[in-house]
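As structure tokens, the structure follows; a few thoughts come after it.
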Amino acid sequence: TCDDVGNDFMANHNLSCHSSDLIHRKCNKNEVWKANKYCRLSCYNAGYAYSGDVCCGPTSAPVTPSPITPPPATPGPITPTPNTAAPTTPLPTESCVTCDDVGNDFMANHNLSCHSSDLIHRKCNKNEVWKANKYCRLSCYNAGYAYLGDVCCRPTGAPVTPSPLTPPPVTPVPMTFSPVTSIIDEINSGGSSSPITPPPVTPGPITPTPNTAAPTTPLPTESC
């Protein structure tokens, strides 16, 4: 059977062991408490038992439950709802910041703007000098090369550089030659094709043409 007596401070301030928050901060965590085994039963019931203690507390002794730490809440994925209303000018949210769009000295000396320069695809977050100075901050963000931590609010009417279109490959159609052309080519080239023999000609019967001329008077012979 373990006692449940606090220290002098608790006695002077009328603090009981089972209701004091000192249990979670002292008990087996404090050398003085361990040496004197203050609040022995309450420390055991709260999960901070002194070394070697296995207390059989009274039935009516209040038990202080251990604090329950709720698990961290994991936010689920947010599915955007399609917007069917008329287009309006988007307002900047709290999560985005207004980014400037200023290039370096070379671009200023050559009158090059950030949104139309091809340096965006070669510099931005790929170049240490650009990252240190955050040149063309908005154009880099819009092109997909945002600097670390940047979430820029895109202004209305900002030019958008379209991605280049790649034409589909053209598949050639195979040509099929006619067999007649192949035979003619073989004959003209003196090939070994068999000679073409014409079929035999069979003469038909000859039908005499009837004489339809008018009869003539026979001439006298020498005997009359």
Side-chain angles (χ1 to χ4, degrees), residues 1-85 87-104 114 120 123-156 158:
T1 300
C2 300
D3 58 21
D4 208 27
V5 180
N7 57 14
D8 294 340
F9 173 82
M10 297 176 68
N12 294 335
H13 291 80
N14 196 25
L15 300 176
S16 63
C17 288
H18 69 268
S19 62
S20 176
D21 61 349
L22 294 173
I23 297 300
H24 304 288
R25 295 187 288 111
K26 302 292 184 178
C27 292
N28 58 9
K29 302 177 182 180
N30 184 277
E31 296 298 328
V32 176
W33 278 55
K34 288 195 296 184
N36 295 276
K37 290 192 175 183
Y38 293 129
C39 299
R40 191 176 177 188
L41 179 61
S42 292
C43 288
Y44 178 82
N45 290 337
Y48 308 111
Y50 296 112
S51 178
D53 276 1
V54 181
C55 297
C56 301
T59 306
S60 59
V63 178
T64 304
S66 300
I68 299 174
T69 304
T74 303
I78 299 175
T79 304
T81 304
N83 183 17
T84 57
T88 58
T89 302
L91 298 176
T93 61
E94 294 180 357
S95 60
C96 67
V97 295
T98 302
C99 300
D100 56 23
D101 210 26
V102 181
N104 56 15
C114 288
I120 297 298
K123 302 292 184 179
C124 292
N125 58 11
K126 304 177 182 180
N127 184 277
E128 295 299 327
V129 177
W130 278 55
K131 288 196 293 185
N133 295 276
K134 289 193 173 183
Y135 293 130
C136 298
R137 191 177 177 188
L138 178 61
S139 292
C140 288
Y141 177 83
N142 290 338
Y145 308 109
Y147 296 112
L148 182 64
D150 273 3
V151 180
C152 297
C153 303
R154 180 182 296 181
T156 305

Next item on the list: Spell out, as yes or no, whether a donor-acceptor pair under 3.5 Å connects the side chain of Y38 to the backbone of V32.
Entry: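 No.
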Next item on the list: Please answer whether the main-chain N or O of H24 pairs with a side-chain N or O of K29 as donor and acceptor at a distance below 3.5 Å.
Entry: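 Side chain of K29 to backbone of H24: a pair is present.
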Notebook entry, point to check: Looking at CG of L22 and CG of N7, how far apart are the two atoms once the value is rounded to the nearest 0.5 Å?
Noted result: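 If we round to the nearest 0.5 Å, L22:CG and N7:CG are 7.0 Å apart.
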Check: Going from NZ on K26 to CD on E31, what distance comes out if it is rounded to the nearest 0.5 angstrom?
Finding: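 The NZ atom of K26 sits 11.5 Å away from the CD atom of E31.
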Check: When you look at K134 and D100, which way does the salt bridge (charged side-chain N to carboxylate O under 4.0 Å, His left out) test go after all the steps?
Finding: CA-CA 9 Å; K134 289 193 173 183; D100 56 23; over 6 Å; no
[X]/[Y] sulfur gamma separation below 2.5 Å:
X: C99; Y: C152; value: yes
X: C2; Y: C56; value: no
X: C39; Y: C17; value: yes

Indicate the atoms forming the closest heavy-atom contact of [X] with [Y], along with that distance.
X: W33; Y: M10; result: CH2-SD, 3.8 Å
X: V151; Y: Y141; result: CA-CE1, 3.8 Å
X: N28; Y: A49; result: ND2-O, 3.1 Å
X: L41; Y: D4; result: N-OD1, 3.4 Å

Item checked: Neighbour count above 12 (heavy atom, 6.0 Å) for N12 CG ->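 Enclosed.
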Check: Are D150 and R137 close enough, and set up right, to give a salt bridge (charged side-chain N to carboxylate O under 4.0 Å, His left out), and what steps lead you there?
Finding: CA-CA 8 Å; D150 273 3; R137 191 177 177 188; 2.8 Å; yes
Margin query: I'd like to know whether V97 forms a side chain to side chain contact (heavy atoms under 4.5 Å, CB included) with C153, so could you lay out the CA-CA distance, the side-chain angles of the two residues, the decisive distance to 0.1 Å, and finally the verdict.
Written below: CA-CA 6 Å; V97 295; C153 303; 5.6 Å; no
